[in-house]
Amino acid sequence: MQPLDIVDLAGGSDDDNSELQPGCGNTTDNVGAGSKRKHRRLQMVRNFFHERGIASGHRSDSCRWSTSHLSGLAQGSSAILCNPSTLLFNTTLSDRGWGCGYRNCQMLISSLMHQAPVSRMPTEAVPQVRQLQEMLELSWRDGYDRDGADQLGHRAMGTRKWIGTTEIYCILAHLGVRSHIVDFHCASAADGSHPALFSWVVEYFTSKGDGGRFANRHPLYLQHQGHSRTVVGADLTDDVCLLVFDPDVDATPGREKLSRFRLPLARTRRSRQFQLLYVEDDCFTQPIPKQISSQRIP
């Protein structure tokens, strides 16, 4: 392991530092005061019911299914999947375009919650995006990833700032979870693809499998330039494919096919670099370094 000195794959945009507004967008000057008040009241009602659903342990609109739903899609294949209790979260209109990191973090936390109690989990439900932003700031105050905190101005709450593997590390550290980062910093094949990434993921899932559909493994946080996704398994049928859930792509239970989640090796040529974040079974008992390090492959 070595100190993390890699490109910020989370990327960024001109409005990364912009504040979240109470509505879906700014109201133009020619809209009357009455329309503004109506818009604010409507947004308050939406937020009220959204928060009630989360607080009572129900799934929000951003989470409609879990990894267990994929088991039916995988019939007749050699797919192996992560923890079946993993909830799958989509971005919503309020965080589309910047919230993928937080949604993938929610998926990982949902799996961890079924392994052991997370000592600093604020509720029995998976934390909302704003709660994750607060955890990130608290971890910075505790001294985790000082360079990353400086880069983001020590502020995440109420912003649209993109986050990546190092920020997920910090959020999990705040929850008492030790995570690890693997940096596939360049292609491992002459055609620009990443077979080393595929080999690592297959070994990760199969090493804890018992020959059944589900492995005793948590999902993987997968980062590439400007976007992140969650690896929920691998399809070992013929040409190996990773099974990846993209929070920015809507998926409806009962209407999908396994092919919808396949990431073939050839498509990895689109990205020069990948990063994986994973947690082991003893993640609740390992000491958590405040200086982030990574394993570089190849």
Side-chain angles (χ1 to χ4, degrees), residues 4 6-20 54 60 62-63 82 86-113 118 121-122 126-140 144-145 147-175 177 179-184 218-232 242 244-251 263 271 273-279 292 294:
L4 194 62
I6 55 180
V7 177
D8 177 15
L9 298 187
S13 60
D14 293 338
D15 64 349
D16 281 352
N17 297 320
S18 61
E19 307 244 345
L20 288 176
I54 292 293
S60 69
S62 61
C63 176
C82 67
T86 304
L87 302 178
L88 304 180
F89 287 82
N90 282 110
T91 53
T92 64
L93 289 177
S94 62
D95 65 313
R96 187 67 53 89
W98 61 269
C100 59
Y102 293 106
R103 298 304 184 180
N104 290 309
C105 186
Q106 287 178 316
M107 298 185 219
L108 184 51
I109 290 175
S110 73
S111 179
L112 288 165
M113 289 173 65
V118 181
M121 189 69 68
V126 177
Q128 300 178 64
V129 170
R130 188 171 182 85
Q131 290 175 305
L132 295 176
Q133 290 178 327
E134 181 180 12
M135 293 176 192
L136 178 56
E137 289 190 7
L138 290 173
S139 72
W140 287 337
Y144 290 98
D145 191 23
D147 291 340
D150 290 340
Q151 182 180 359
L152 293 180
H154 294 261
R155 184 160 177 258
M157 286 186 65
T159 72
R160 295 185 176 94
K161 296 175 181 178
W162 295 6
I163 63 170
T165 49
T166 55
E167 287 75 34
I168 303 303
Y169 178 100
C170 291
I171 292 172
L172 295 177
H174 177 75
L175 295 173
V177 176
S179 61
H180 305 269
I181 296 175
V182 184
D183 178 22
F184 299 88
H218 298 293
L220 298 166
Y221 181 98
L222 176 66
Q223 181 78 50
H224 52 90
Q225 186 65 47
H227 192 42
S228 63
R229 293 177 280 180
T230 294
V231 182
V232 295
L242 305 188
V244 177
F245 186 85
D246 188 339
D248 277 352
V249 178
D250 290 331
L263 175 65
S271 299
Q273 182 178 1
F274 287 90
Q275 294 163 11
L276 282 175
L277 180 142
Y278 71 97
V279 294
I292 302 177
S294 70

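We're numbering straight along the sequence, starting at 1.
Of the possible donor and acceptor atoms, one in the side chain of Q133 sits under 3.5 Å from a partner among the backbone N and O of G158. A donor-acceptor pair under 3.5 Å is formed between the side chain of N104 and the backbone N or O of T230. No side-chain donor-acceptor contact under 3.5 Å links Q275 to the backbone of L9.
Taking CG from L276 and NE2 from H180, the interatomic distance works out to 13.0 Å, rounded to the nearest 0.5 Å. Taking CE of M157 as the reference point, atom CE of M135 lies at 11.0 Å (rounded to 0.5 Å). Going from atom CG of L172 over to atom OH of Y144 covers 11.0 Å, rounded to the nearest 0.5 Å.
Judged as a ring-ring contact (aromatic ring centres under 6.0 Å, His included), and not counting sequence neighbours, the contacts of H224 are H227, F274. For D145, the salt bridge (Lys or Arg N to Asp or Glu O under 4.0 Å) criterion is met by no residue, not counting sequence neighbours. For S110, the side chain to side chain contact (heavy atoms under 4.5 Å, CB included) test picks out T86, L87, V126, with sequence neighbours left out. Not counting sequence neighbours, the partners of D250 by the salt bridge (Lys or Arg N to Asp or Glu O under 4.0 Å) test are R96. Judged as a salt bridge (Lys or Arg N to Asp or Glu O under 4.0 Å), and not counting sequence neighbours, E134 has no contacts. Residues passing the side-chain hydrogen bond (donor to acceptor under 3.5 Å, both in side chains) test with D147, sequence neighbours excluded: none. For Y221, the side-chain hydrogen bond (donor to acceptor under 3.5 Å, both in side chains) partners two or more places apart in sequence, or in a different chain, are Q223, S228.
Inter-residue side-chain proximity for F245 and N90 is flagged as met; some heavy-atom pair is nearer than 4.5 Å. Within the 4.5 Å cutoff, the side chain of L88 has heavy atoms near those of the V232 side chain. Using a 4.5 Å heavy-atom threshold, the side chains of I109 and L132 count as touching.
Pairing each heavy atom of P247 with each of F89, the nearest pair is CB-O, 3.4 Å. Considering all non-hydrogen atoms of both residues, W140 and E167 come closest at CZ2-CG, 4.5 Å. For V279 against S179, the heavy-atom pair with the smallest separation is CG1-CB, 3.7 Å.
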Legend entry - Working for side-chain contact (heavy atoms from CB on, under 4.5 Å), residues L220 and L242: CA-CA 11 Å; L220 298 166; L242 305 188; over 6 Å; no
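Residues Q106 and R103 bring a donor and an acceptor atom of their side chains to less than 3.5 Å of each other. Side chain to side chain, H218 and S111 meet the donor-acceptor criterion of an N or O pair below 3.5 Å.
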